[in-house]
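From a predicted model like this one, the values you see are computed outputs, not experimental measurements. Numbers for residues simply follow the sequence, beginning at 1.
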Amino acid sequence: GTFFTTTALGVSSNNAADTTLIRGVVGTTSLVANTLSEGRTIRLQAVGYYNTAASAPSLRWNVKLGGTTVLTTGSLQTVASVSTGMFDLTGLVTCWTTGGAGMVYAQGGVMMGTGATGGQLWGMVNSGAITLNTTGANVVEITCQWGSGAFQNEVAMTHCVGELLN
């Protein structure tokens, strides 16, 4: 079931630092020790809007568990002068093995609207499993990082849901 939903706007603007977008929540973003068992899957969805400066900046999206990046777009080029473009980030993280050197596999993507009918799909693709300590608490984070700190560059996450499946 759902383990958290956001109740506050998460914003990253005019900032070239990796910034967490998850702010106030109902529930918790912290998965207690041993929550992840073999086959257990986390589903995340985050939606909102973004704006870009006249000079198209780069942007990187990350999903982290316990400080470990499990999904990333890498640094990709946005489209210039986007005003209130939608974004929709989705991701699945499945536990394959447990323990101090447990393994998870994650895949996802971010749809970035660039106008009334256009957009970009940014993959968050992994070709191998990621080592994750499943015996400790793991906090879920969604972050983004602008390539430059222009005041027009802004991401505003309006909704985010974390679900534990099976």
Side-chain angles (χ1 to χ4, degrees), residues 1-13 15-50 57-78 86-112 119-147 154-166:
T2 300
F3 66 97
F4 80 89
T5 57
T6 55
T7 58
L9 187 67
V11 176
S12 172
S13 61
N15 193 342
D18 197 26
T19 305
T20 188
L21 295 173
I22 298 176
R23 304 291 162 81
V25 298
V26 171
T28 181
T29 59
S30 182
L31 300 174
V32 298
N34 301 309
T35 296
L36 293 177
S37 55
E38 289 182 16
R40 195 140 202 212
T41 298
I42 299 167
R43 178 173 40 207
L44 296 169
Q45 183 172 20
V47 297
Y49 62 91
Y50 75 104
S58 62
L59 180 62
R60 173 191 309 264
W61 292 91
N62 297 304
V63 173
K64 301 176 182 181
L65 284 179
T68 299
T69 299
V70 296
L71 290 168
T72 186
T73 59
S75 183
L76 297 174
Q77 200 67 36
T78 63
M86 64 76 66
F87 75 83
D88 187 341
L89 179 152
T90 58
L92 294 172
V93 182
T94 300
C95 181
W96 282 14
T97 62
T98 60
M103 302 297 277
V104 297
Y105 217 109
Q107 302 293 351
V110 184
M111 291 187 298
M112 304 278 290
Q120 299 173 313
L121 176 58
W122 293 2
M124 301 173 103
V125 179
N126 287 299
S127 60
I130 300 139
T131 302
L132 181 72
N133 181 356
T134 64
T135 65
N138 285 293
V139 174
V140 175
E141 293 179 87
I142 296 176
T143 68
C144 70
Q145 182 175 3
W146 291 101
E154 175 186 54
V155 167
M157 186 176 73
T158 59
H159 300 76
C160 185
V161 176
E163 298 175 281
L164 281 172
L165 308 176
N166 56 350

**OP:** Using the side chain to side chain contact (heavy atoms under 4.5 Å, CB included) rule, take T72 and R60 through it: C-alpha gap first, then chi angles, then the decisive distance, then the call.
**Re:** CA-CA 7 Å; T72 186; R60 173 191 309 264; 3.8 Å; yes
So which heavy atom on [X] is nearest to which on [Y], and how close?
X: A129; Y: M103; answer: CB-CE, 3.5 Å
X: I142; Y: A46; answer: CD1-CB, 3.8 Å
X: C95; Y: T134; answer: SG-CG2, 4.3 Å
X: A101; Y: T131; answer: CA-CG2, 3.9 Å
X: T90; Y: Q45; answer: CG2-CG, 3.9 Å
X: T19; Y: V11; answer: CG2-O, 4.0 Å

Between [X] and [Y], is any pair of side-chain heavy atoms under 4.5 Å apart?
X: L89; Y: M124; value: yes
X: R23; Y: L9; value: no
X: L164; Y: I42; value: yes
X: L44; Y: F4; value: yes
X: W122; Y: L59; value: yes

Subject >> L36 vs L132, side chain to side chain contact (heavy atoms under 4.5 Å, CB included): CA-CA, chis, key distance, verdict >> reply: CA-CA 10 Å; L36 293 177; L132 181 72; 3.9 Å; yes
Subject >> side chain to side chain contact (heavy atoms under 4.5 Å, CB included) between F3 and V140, worked out >> reply: CA-CA 11 Å; F3 66 97; V140 175; 4.0 Å; yes
Subject >> Qualifying residues under side-chain contact (heavy atoms from CB on, under 4.5 Å), relative to V26, sequence neighbours excluded >> reply: T5, T7
**OP:** Would you please name every residue forming a side-chain contact (heavy atoms from CB on, under 4.5 Å) with M111, sequence neighbours left out?
**Re:** D88, L121
Original post:
Short question: side chain of T6, backbone of C160 - any donor-acceptor pair under 3.5 Å?
Top reply: yes
Value rounded to 0.5 Å, distance of [atom1] in [X] from [atom2] in [Y]:
X: S12; Y: Q145; atom1: OG; atom2: CD; value: 8.5 Å
X: N15; Y: E154; atom1: CG; atom2: CD; value: 12.0 Å
X: N62; Y: T20; atom1: CG; atom2: OG1; value: 10.5 Å
X: L65; Y: N138; atom1: CG; atom2: CG; value: 6.0 Å

**OP:** Determine which pairs satisfy side-chain hydrogen bond (donor to acceptor under 3.5 Å, both in side chains) with at least one residue from residues 94-112, sequence neighbours left out, and list them in order.
**Re:**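 Matches after skipping sequence neighbours: T41-T94.
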**OP:** For R43, check salt bridge (charged side-chain N to carboxylate O under 4.0 Å, His left out) against everything at least two apart and list the hits.
**Re:** E163
Subject >> salt bridge (charged side-chain N to carboxylate O under 4.0 Å, His left out) against D18, all qualifying residues, sequence neighbours excluded >> reply: K64
**OP:** Not counting sequence neighbours, which residues clear ring-ring contact (aromatic ring centres under 6.0 Å, His included) with F87? List them please.
**Re:**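 If we apply the ring-ring contact (aromatic ring centres under 6.0 Å, His included) test to F87, skipping adjacent residues, the hits are W61.
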